[in-house]
Chemist: 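Dumping the structure here so I can ask a few things about it.
What you are looking at is a predicted structure, and each value in this text was computed from that prediction instead of being measured. FYI, the numbering just counts along the sequence from 1.
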Amino acid sequence: MILVTGATGTIGREVLRLLPAGLPVRIMARHPERVTGAPPAAHIVHGDFTDPASLTDALHNVRTAFLVTNPDGDDDTRFLDPARAAGVRHIVKLSAAAVTDPGADDLITRRQRHNEDLLRASGTAWTLLRPRAFMSNTLSWARSIRADRTVRAAYGFSENACVDPRDVAEAAVRALTGPAGDHAGRAYTLTGPQPLSAAAQTAQLSRLLGLELHFHELSPQEAHTALGARYPADIADALLESARRQHSGSKGVVDPTLPRLLGRPAGTFQDWAADHLDAFRPAAAAGD
């Protein structure tokens with residue numbers, strides 16, 4: 001039995017899509033009605049990291065688990081003890097590449113490191129997936145592209161070796177379904193095939209859409225104000241600090257791990273964007 005958490009999120013949805021048919025799969029979701037694309041035989045159950053009884057039920061007879069948690073909470077602590085008690089043998093955890101950077105000391109990265117430490121100390125076999133930024137993060141630009149054909153971002157000419165979330169999900173499925181000995185005790189840094197800046201991504205979207213797009217670089221204060229409208233102040237501070245660190249070049253390194261895991265090149269931003277153009281296409285252009 002494989003347990004999938006985070007099934008309504010960016011990676012979890014793709015994991016469900018890629019899991020081989022016929023495997024026993026249980027999906028734990030706070031809102032089961034929001035789960036889409038589940039394998040036909042999958043069993044969807046209500047579960048909440050803050051509800052110990054629901055965790056116990058969700059973990060019954062589970063051998064391998066895909067763990068996706070919010071790094072600014074205590075969900076990892078709440079999950080690991082009942083997982084061990086249930087006899088879970090292998091946990092594949094979604095983390096982040098920032099944990100490997102000694103210069104990364106923002107709040108979110110410190111908590112991610114702490115959660116990794118908890119898993120390694122749990123006594124359960126583990127695999128850590130550490131992706132760079134998801135290419136799908138650019139979907140946050142879709143509204144402004146549709147509205148006035150403009151992308152707005154801070155530090156827009158700094159580079160990130162962003163990764164296709166579909167590739168991260170494929171790596172997760174390989175770790176979940178392959179021989180445990182092949183992946184236990186391993187931490188995989190997952191990047192795309194080339195470093196790209198927000199301005200370069202804007203240029204690629206412009207070519208694919210056949211539209212002139214404009215890039216506007218936000219000042220740090222403008223970026224902080226925008227983040228503060230969406231997140232608590234401490235998280236907004238952490239996200240802006242992460243953006244500053246990207247400006248130093250620390251996120252532009254391409255890692256060879258993902259192609260080795262998948263047996264093929266990592267997907268490019270151009271390929272990802274070409275598959276998601278409708279999200280960015282202004283209404284007038286869609287009717288042309």
Side-chain angles (χ1 to χ4, degrees), residues 10-11 68-72 93-117 119-120 127-141 151-165 167-168 171-172 186-204 215-224 226-228 230-231 233-262 265-270 272-273:
T10 300
I11 303 301
V68 181
T69 57
N70 189 333
D72 64 357
K93 175 176 171 56
L94 184 66
S95 184
V99 300
T100 66
D101 183 351
D105 194 41
D106 61 88
L107 175 65
I108 295 173
T109 303
R110 292 199 304 272
R111 288 175 173 172
Q112 286 167 324
R113 289 192 185 107
H114 173 68
N115 290 336
E116 285 195 2
D117 290 343
L119 177 55
R120 281 191 291 260
T127 302
L128 297 170
L129 305 179
R130 295 168 170 169
R132 277 291 173 212
F134 301 145
M135 293 173 181
S136 55
N137 290 355
T138 58
L139 290 170
S140 65
W141 304 341
V151 170
R152 298 170 176 85
Y155 303 107
F157 295 90
S158 60
E159 294 183 326
N160 190 310
C162 56
V163 63
D164 189 329
D167 286 353
V168 177
R186 297 181 181 272
Y188 297 131
T189 298
L190 309 175
T191 75
Q194 64 180 138
L196 287 171
S197 66
Q201 289 173 314
T202 301
Q204 290 197 24
F215 180 78
H216 172 75
E217 181 154 7
L218 298 176
S219 69
Q221 184 56 51
E222 288 173 327
H224 191 272
L227 289 168
R230 298 172 58 193
Y231 302 102
D234 57 348
I235 301 301
D237 290 343
L239 291 171
L240 189 58
E241 177 57 32
S242 178
R244 289 193 190 102
R245 186 164 45 84
Q246 178 171 311
H247 190 54
S248 72
S250 62
K251 300 184 182 182
V253 177
V254 173
D255 191 283
T257 299
L258 189 53
R260 288 202 298 258
L261 275 175
L262 304 186
T268 66
F269 178 74
Q270 178 170 303
W272 178 88

Chemist: Just jot down the ring-ring contact (aromatic ring centres under 6.0 Å, His included) partners of Y231, sequence neighbours excluded, or say none.
Modeler: none

Chemist: As an exercise, state the distance from CH2 of W272 to CG of L139, rounded to the nearest 0.5 Å.
Modeler: 4.0 Å

Chemist: Start with the C-alpha distance between L128 and V99, add both sets of side-chain angles, then the distance that settles side-chain contact (heavy atoms from CB on, under 4.5 Å), and finish with yes or no.
Modeler: CA-CA 11 Å; L128 297 170; V99 300; over 6 Å; no

Chemist: For T69 and K93, test the side chains for any donor-to-acceptor distance below 3.5 angstrom and give the result as yes or no.
Modeler: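 T69 vs K93: donor-acceptor pair found between side chains.
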
Chemist: Determine, step by step, whether L107 and D237 satisfy the side-chain contact (heavy atoms from CB on, under 4.5 Å) criterion, reporting the C-alpha distance in whole Å, the side-chain angles of both residues, the deciding distance to 0.1 Å, and the verdict.
Modeler: CA-CA 8 Å; L107 175 65; D237 290 343; over 6 Å; no

Chemist: If you measure from the Lys or Arg side-chain nitrogens to the Asp or Glu carboxylate oxygens, is any gap between E241 and R244 under 4.0 Å?
Modeler: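 A salt bridge is present here (some side-chain N lies under 4.0 Å from a carboxylate O).
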
Chemist: Would you say the side-chain atoms of R186 pair up with the backbone N or O of T127, donor to acceptor, closer than 3.5 Å?
Modeler: no

Chemist: Rounded to the nearest 0.5 Å, what separates atom CD1 in I235 from atom OG in S242?
Modeler: 11.5 Å

Chemist: If only atom types and distance count, is the side chain of T191 paired as donor or acceptor with the main-chain N or O of D255 below 3.5 Å?
Modeler: yes

Chemist: Could you tell me whether a side-chain N or O of T202 sits under 3.5 Å from a main-chain N or O of A198, the two making a donor and an acceptor?
Modeler: yes

Chemist: Identify the two heavy atoms, one from P131 and one from V168, that lie closest to each other, and give their separation to 0.1 Å.
Modeler: CB-CG2, 3.9 Å

Chemist: For the atom pair CD (E222) and CZ (R152), what is the distance rounded to the nearest 0.5 Å?
Modeler: 9.5 Å

Chemist: Are any of the side-chain heavy atoms of T10 and N137 separated by less than 4.5 Å?
Modeler: no

Chemist: Between S95 and E116, what is the shortest heavy-atom contact and its length?
Modeler: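 S95 and E116 have their closest heavy atoms at OG-OE2, 2.6 Å.
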
Chemist: Under the salt bridge (charged side-chain N to carboxylate O under 4.0 Å, His left out) test, which residues partner E217, sequence neighbours left out?
Modeler: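 With neighbours one apart ignored, the set is empty.
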
Chemist: Can you tell me how far the CZ atom of R130 sits from the CG atom of D101, to the nearest 0.5 Å?
Modeler: 12.0 Å

Chemist: Looking at every heavy atom in both R113 and A98, which two are closest together, and how far apart are they?
Modeler: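 That would be NH2-O, 3.7 Å.
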
Chemist: Checking Q201 against T138: is there a side-chain donor and acceptor pair closer than 3.5 Å?
Modeler: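 Checked: T138/Q201 side chains show no N/O donor-acceptor pair below 3.5 Å.
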
Chemist: Can you list everything that forms a side chain to side chain contact (heavy atoms under 4.5 Å, CB included) with S158? Sequence neighbours excluded, please.
Modeler: Y155, Q246, H247

Chemist: For the residue pair I108 and L239, what are the closest heavy atoms and their distance?
Modeler: CD1-CD2, 3.9 Å

Chemist: Just verifying a value: how many Å separate L258 CG and L129 CG, rounded to the nearest 0.5 Å?
Modeler: 10.0 Å

Chemist: Any side-chain heavy-atom pair from F134 and V163 closer than 4.5 angstrom?
Modeler: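 F134 reaches V163 side chain to side chain.
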
Chemist: If you round to the nearest 0.5 Å, how far is NE2 of H224 from CG of L218?
Modeler: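 Spacing of CG (L218) from NE2 (H224) equals 13.0 Å.
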
Chemist: If you take all heavy atoms of P259 and P265, which pair is closest and at what distance?
Modeler: CB-CA, 4.4 Å

Chemist: Report yes if the side chains of P193 and V254 come closer than 4.5 Å at any heavy-atom pair, otherwise no.
Modeler: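 Sidechains of V254 and P193: no contact.
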
